[in-house]
Amino acid sequence: MTIHKAVIPAAGLGTRFLPATKSTPKEMLPVVDKPAIQYVVEEAVAAGLDDVLLITGRSKRTLADHFDAVPELEAVLEAKGDAERLAKVRESTELANVHFVRQGQPKGLGHAVLQAKRHVGDEPFAVLLGDDLIDERDDLLAPMLALQERLGGSVIALLEVPREQISSYGCAAVEALDGEDADTVRITGLVEKPPVDEAPSNLAIIGRYVLHPAVFEVLENTAPGRGGEIQLTDALATLMDLPAEQGGGVTGVVFRGRRYDTGDRLDYLKAVVRIAVDRPDLGPDFKEWLEKYVAGTTA
Ligand code: UTP
């Protein structure tokens, strides 16, 4: 069976980005001229997923509106004959079949994923964190989907980070997997935000997962962990030890491409600059200005 559902949790409080996130979900912050969430939905669609479920929280409206039609605006652009902007407005509406479900309270990423249980049913599915951008030139999700279809179980994405940063992430202990390349590994341990001296590696879990539906039952029985939240990492640690016939086993894919955590202010700024520099419409002028700015030859 081919995986075709994507779940995108976007119900976090976004406290690292206050006050911008006081009334706007961080997933709606623009990266150049598109909200972060649109890049994530585009990535899901590019990997062949046509059914997208957004898990929303307090400020659901702006997220839902973004994927909905806006007849008044479209009529104005149509009357002006502005086909280019009209296409931009319609792009997000026509991207995929987007559904919404609400996470009443932000009780953690694991709890957010659990809200997808009814929609997903009994099939493997992808989870893409709505504030985590993977550069579209770097392949990650499609190989993860292919790996889950080949090996079963669940697949998570890992990124090598400087050791002193590992306590901001979930961290994985890994071992080589026979017959696979060096960046495809068996997960042997998982711990959420460990102190640096207790971290089993410098491999951080990043926001792309392909999960076996057995994760739902595990999440239902996962007690709140770090920070009082129901942690997806804890559920994955349980899945890791389950037999394959019960949906167990977790494989890791080490990602070597470009990734931006748009929920972090510094990483957000880097994402905007890198994506803008590479844009054919804005890049040349922006780059010229940026070089002068960095050299101190312009204000
Ligand atoms: P983060 O830990 O980055 O989100 O969650 P946060 O809690 O909003 O961030 P800060 O630390 O307060 O700034 C990773 C992803 O999981 C979602 C977030 O929206 C984000 O996409 N999430 C997190 C939920 O959907 N629900 C939750 O209860 C927690």
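Only a predicted model underlies this, so the values are computations on that prediction, with no experimental measurement involved. Just so you know, these numbers use all the heavy atoms, side chains as well, and skip hydrogens, waters and symmetry mates.
- Two residues are said to be in side-chain contact when any heavy atoms from C-beta on lie closer than 4.5 Å; Tyr169 and Ile205 fail this criterion.
- The environment of CZ in Arg256 is crowded: more than 12 heavy-atom neighbours from other residues, nucleotides or ligands sit within 6.0 Å.
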Fill in: side-chain contact (heavy atoms from CB on, under 4.5 Å) between Arg137 and Arg258, intermediate numbers included
CA-CA 9 Å; Arg137 293 161 294 186; Arg258 290 154 283 194; 3.4 Å; yes
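- To the nearest 0.5 Å, the span separating CG on Leu128 from CG on Leu54 amounts to 10.5 Å.
- Side-chain atoms of Thr222 do not come within 3.5 Å of backbone N or O of Ile230 as any donor-acceptor pair.
- Scanning both residues, Leu219 and Gly110, for their nearest heavy atoms gives CD1-O, 3.4 Å.
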Fill in: Worked check of side-chain contact (heavy atoms from CB on, under 4.5 Å) between Ile187 and Val174
CA-CA 5 Å; Ile187 305 294; Val174 304; 3.9 Å; yes
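- You'll find the side chain of Leu77 stays beyond 4.5 Å of the side chain of Lys88, heavy atoms only.
- Among residues at least two apart or in separate chains, there is no side chain to side chain donor-acceptor pair (under 3.5 Å) pair with a member in residues 238-254.
- For Gln105, the side chain to side chain contact (heavy atoms under 4.5 Å, CB included) partners are Lys107, not counting sequence neighbours.
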Item to complete: Please step through side-chain contact (heavy atoms from CB on, under 4.5 Å) for the pair Gln231 and Leu236, ending with a clear verdict.
Response: CA-CA 9 Å; Gln231 299 287 356; Leu236 285 162; over 6 Å; no
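- Note on Val31: it clusters hydrophobically with Val41, by side-chain heavy-atom contacts below 4.5 Å among ILVMFWY residues.
- For Lys270, the side chain to side chain contact (heavy atoms under 4.5 Å, CB included) partners two or more places apart in sequence, or in a different chain, are Leu266, Asp267.
- With contacts defined as side-chain heavy-atom distances shorter than 4.5 Å, the pair Val272/Tyr268 qualifies.
- Nearest heavy atom pair, residue Val32 against residue Tyr39, reads CB-OH, 4.4 Å.
- Linking ILVMFWY side-chain heavy atoms closer than 4.5 Å, directly or via other members, places Val113 and Leu239 in a single hydrophobic cluster.
- Taken to the nearest 0.5 Å, the OG1 atom of Thr15 stands 14.5 Å off from the NZ atom of Lys22.
- Residues forming a side chain to side chain contact (heavy atoms under 4.5 Å, CB included) with Arg265 (at least two apart in sequence, or on another chain): Phe17.
- Under the 4.5 Å side-chain heavy-atom criterion for grouping Ile, Leu, Val, Met, Phe, Trp and Tyr, Ile134 is not connected to Leu158 through any hydrophobic cluster.
- Atom CE of Met28 sits about 12.0 Å away from atom OG1 of Thr262, to the nearest 0.5 Å.
- One distance of note links CG of Asp181 with OG1 of Thr184; it measures 3.5 Å at 0.5 Å rounding.
- Shortest non-hydrogen contact noted between Pro284 and Arg279 is CD-O, 3.8 Å.
- Around the CD atom of Gln165, the shell of radius 6.0 Å holds more than 12 heavy atoms that belong to other residues, nucleotides or ligands.
- Taking 4.5 Å as the limit, every side-chain heavy atom of Val191 sits out of range of all side-chain heavy atoms of Thr233.
- Val7 and Leu63 fall into different hydrophobic clusters, where Ile, Leu, Val, Met, Phe, Trp and Tyr residues are linked whenever their side-chain heavy atoms come under 4.5 Å apart, directly or through other members.
- Smallest separation of non-hydrogen atoms from His119 and Asp51: NE2-OD1, 2.7 Å.
- Hydrophobic clustering (side-chain heavy atoms under 4.5 Å, transitive across Ile, Leu, Val, Met, Phe, Trp, Tyr) keeps Ile275 apart from Leu290.
- When all heavy atoms of Ala172 and Leu190 are compared, the closest pair comes out as CB-CD2, 3.8 Å.
- The number of heavy atoms from other shown groups lying within 6.0 Å of NZ (Lys193) is above 12.
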Practice prompt. Let me see the working for Glu220 and Lys117 under side-chain contact (heavy atoms from CB on, under 4.5 Å), right down to the final yes or no.
Written response: CA-CA 10 Å; Glu220 279 167 342; Lys117 181 180 174 187; 2.9 Å; yes
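- Looking at Leu129 and Pro9, their side chains come closer than 4.5 Å, going by heavy atoms from C-beta outward.
- Rounded to the nearest 0.5 Å, atoms CG (Leu114) and CG (Leu109) are 11.0 Å apart.
- Taking 4.5 Å as the limit, every side-chain heavy atom of Val155 sits out of range of all side-chain heavy atoms of Tyr209.
- Considering CD of Glu78 and CG of Leu73, their distance stands at 11.0 Å, rounded to 0.5 Å.
- Side chains of Leu49 and Lys5 form no contact here, defined as non-hydrogen atoms less than 4.5 Å apart.
- Crowding of Glu84 atom CD: a count of heavy atoms from other residues, nucleotides or ligands under 6.0 Å not exceeding 12.
- With salt bridges taken as basic N to acidic carboxylate O contacts below 4.0 Å, one links Glu42 and Lys34.
- Asp132 places a side-chain N or O within donor-acceptor distance of the main-chain N or O of Gly207, the cut-off being under 3.5 Å.
- Under the side chain to side chain contact (heavy atoms under 4.5 Å, CB included) criterion, Glu74 pairs with Ala69, Val70, Leu86, Val89, Arg90, not counting sequence neighbours.
- With hydrogens and angles disregarded, a donor-acceptor distance shorter than 3.5 Å links the side chain of Ser92 to the backbone of His66.
- Between Glu149 and Ile3 the shortest heavy-atom distance is OE2-N, 3.1 Å.
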Worksheet item: Given the rule in the side chain to side chain donor-acceptor pair (under 3.5 Å) test, do Asp135 and Tyr260 qualify, once you have shown the distances and angles that lead to the verdict?
Response: CA-CA 8 Å; Asp135 197 298; Tyr260 317 99; 3.3 Å; yes
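- Between Leu232 and Leu211, some side-chain heavy-atom pair lies under the 4.5 Å cut-off.
- The backbone N or O of His111 sits less than 3.5 Å from a side-chain atom of Gln115, completing a donor-acceptor pair.
- For Arg61, the CZ atom counts as loosely surrounded, since its 6.0 Å shell holds 12 or fewer non-hydrogen atoms of other residues, nucleotides or ligands.
- Asp50 is linked by a side chain to side chain donor-acceptor pair (under 3.5 Å) to His4, counting only residues two or more places apart in sequence or in another chain.
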